[in-house]
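Shown next, in structure tokens, is the structure this report addresses.
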There are 2 protein chains.
Amino acid sequence: MKTKGETLGNDVLQRMREDVLSCALEPGMKLRFETLRQRYDVSFSTLREALARLVAEGLVVAEGQRGFKVAPVSIADLEDLTDARVLLERELLRRAMINGDDAWEANILASYHKMDRLQARLGEEYYKVAEWSALHAAFHESLVQAGHSPVLLEMRAKLFDRANRYRRMSSQFRKKWRPKEIEHKAIMDATLDRDAKALDLIERHIRETTENLVEFAGHLFEDTSASTSTAA
Amino acid sequence: MKTKGETLGNDVLQRMREDVLSCALEPGMKLRFETLRQRYDVSFSTLREALARLVAEGLVVAEGQRGFKVAPVSIADLEDLTDARVLLERELLRRAMINGDDAWEANILASYHKMDRLQARLGEEYYKVAEWSALHAAFHESLVQAGHSPVLLEMRAKLFDRANRYRRMSSQFRKKWRPKEIEHKAIMDATLDRDAKALDLIERHIRETTENLVEFAGHLFEDTSASTSTAA
DNA sequence: TTTTCAAGTATTTTCGAAATTCGTATGCTT
DNA sequence: AAGCATACGAATTTCGAAAATACTTGAAAA
């Protein structure tokens, strides 16, 4: 059932993006039209339209006249994404702390609370739950939402998603996750205090997550660009 | 005539992108399929594929089930782009000066030379010539090419193009341009010397170009989001 | 054995017709 | 007259068949 007022193609785009980000469509996987057509129940043209956008977003790779595949993963890519995120998150957080108003602060508190409560309710395996992942993303977004720069915010969101794919990918195999509650709380407090330390805290938060991923799940990120996984 | 090994859709994408960036398709203009079909000589689906990518690149805006229009321009957008560019260019130039090797330096010198010679040959109205615009873009790209960050380089290139649209837009109406030769030379020299001043110079170069645009051509950038221009 | 070529199959790409949706004009009701 | 519903024409969106391209198989030549 498609969203009213929106095109079917847009609907497929969103479903497909979620499937790539959640690794339901595995990194490096060849995307065959016949299979995709069954999965999403749309025509060739509509599929290509969605694929074209995902290519521009860096989630799918077009291979000349040989179709499409899910963007591969690699440790180099994760580290590149991490550096780029640090640059943008620091800048946006810096601006947000300058421009942020009451509504911005309230939204941060609300987002943190929702994430925190769900986490407490879920216990140790919170990081495997898609709903928590969404609240976590919302919390991080709330921090920078007063950045007042559509261009930077858009880029930040795309980078967040792409990096998040690595985390989601590994969460299926991880036993236990480093406890991030403390870090989130510290980031929030420093941010609301307009304490410049917040910038270093968020940088450390991002970098340590990546280091952690590379250490404990690096083997999952072997380059899949020449992959053979052929289903779709 | 389409590029061998590449899809027709890709070809149309490139032509269309160039048309948006050169303002052959004016900002805010409604894009009618029948007209586009004649201009590019392709089918609906192929057009939509190209349009979908341009939407993701921020050069075209999709309006629900009411078609597409060229991304509008506004002073706010130009200033937002400028801030984002400064952030990325500084970071990439900083990295390039650390990582840059002989080939990187050679490429900068070569790019500068080509731009400089053509400029001398063209005289006062160099900025109106598409070929010079391409060489200018190549020079700026050569500076950061040793950045070794595909993610940041890609974002930089997209931002450069979008900002360039404003310059191209105004160049049709400008009488004379601020002489940039000196600035380019200074940026190049500082960069090759690994002098940190290069970062400030490039920032000033970017910001002054924008200030200049807003001052002398700001009236061209009145918001076109609710435009009525209806041809295509 | 390895290479080259050719024919056949699988897959992707492109097209334009058909279905849907939007915008507008017209008539009806209050 | 203002508001609302309806119907018509214009534009977009979606579809699957047809064309183009890539891949596979196998046989002939080096």
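Chain naming here is simple, since letters A, B, ... match the order of the sequence lines and numbering starts at 1 in each. Not measured: the values here are computed from a predicted model.
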Just N and O in the side chain of [X]: are any of them under 4.0 Å from OP1 or OP2 of [N]?
{"X": "A/Arg48", "N": "C/dT12", "value": "no"}
{"X": "A/Thr46", "N": "D/dC15", "value": "yes"}
{"X": "A/Lys30", "N": "D/dA22", "value": "no"}
{"X": "A/Arg66", "N": "C/dT12", "value": "no"}
{"X": "B/Arg37", "N": "C/dG16", "value": "yes"}
{"X": "A/Gln65", "N": "C/dT12", "value": "no"}

Nucleotide [N], atom [atom2] - distance to [atom1] of [X] in whole Å:
{"X": "B/Leu31", "N": "D/dT13", "atom1": "CG", "atom2": "P", "result": "11 Å"}
{"X": "B/Leu8", "N": "C/dG16", "atom1": "CG", "atom2": "C1'", "result": "15 Å"}
{"X": "B/Glu49", "N": "C/dC15", "atom1": "CD", "atom2": "P", "result": "11 Å"}
{"X": "B/Leu13", "N": "C/dT13", "atom1": "CG", "atom2": "P", "result": "14 Å"}
{"X": "A/Arg32", "N": "D/dC23", "atom1": "CZ", "atom2": "P", "result": "10 Å"}
{"X": "B/Glu34", "N": "C/dA17", "atom1": "CD", "atom2": "P", "result": "11 Å"}
{"X": "B/Leu36", "N": "D/dA11", "atom1": "CG", "atom2": "P", "result": "13 Å"}
{"X": "A/Tyr40", "N": "D/dC15", "atom1": "OH", "atom2": "P", "result": "15 Å"}

Nearest heavy-atom neighbours spanning [X] and [Y]:
{"X": "A/Ala50", "Y": "A/Met16", "result": "CB-SD, 4.2 Å"}
{"X": "B/Lys30", "Y": "B/Gly67", "result": "NZ-CA, 4.1 Å"}
{"X": "B/Trp104", "Y": "B/Leu143", "result": "NE1-O, 3.0 Å"}

Margin query: For A/Trp132 and A/His184, take the angle between the two ring planes, folded into 0 to 90°, and tell me which bin it lands in: parallel under 30, tilted 30 to 60, perpendicular over 60.
Written below: tilted
Notebook entry, point to check: Under 30°, 30 to 60°, or over 60°: which ring-plane class applies to A/His136 and A/His140, parallel, tilted or perpendicular?
Noted result: perpendicular
Note to self: Go nucleotide by nucleotide along DNA chain D from the 5' end; which of B/Phe33 and A/Asp41 gets its closest nucleotide reached first?
What the structure shows: B/Phe33
Next item on the list: Mind checking B/Ser45 for me? I need base, sugar-phosphate or nothing, with any heavy atom below 4.0 Å counting as a touch.
Entry: base
Next item on the list: Identify whether any heavy atom of B/Phe44 sits under 4.0 Å from a base atom; if not, whether one sits that close to sugar-phosphate; answer base, sugar-phosphate or nothing.
Entry: base
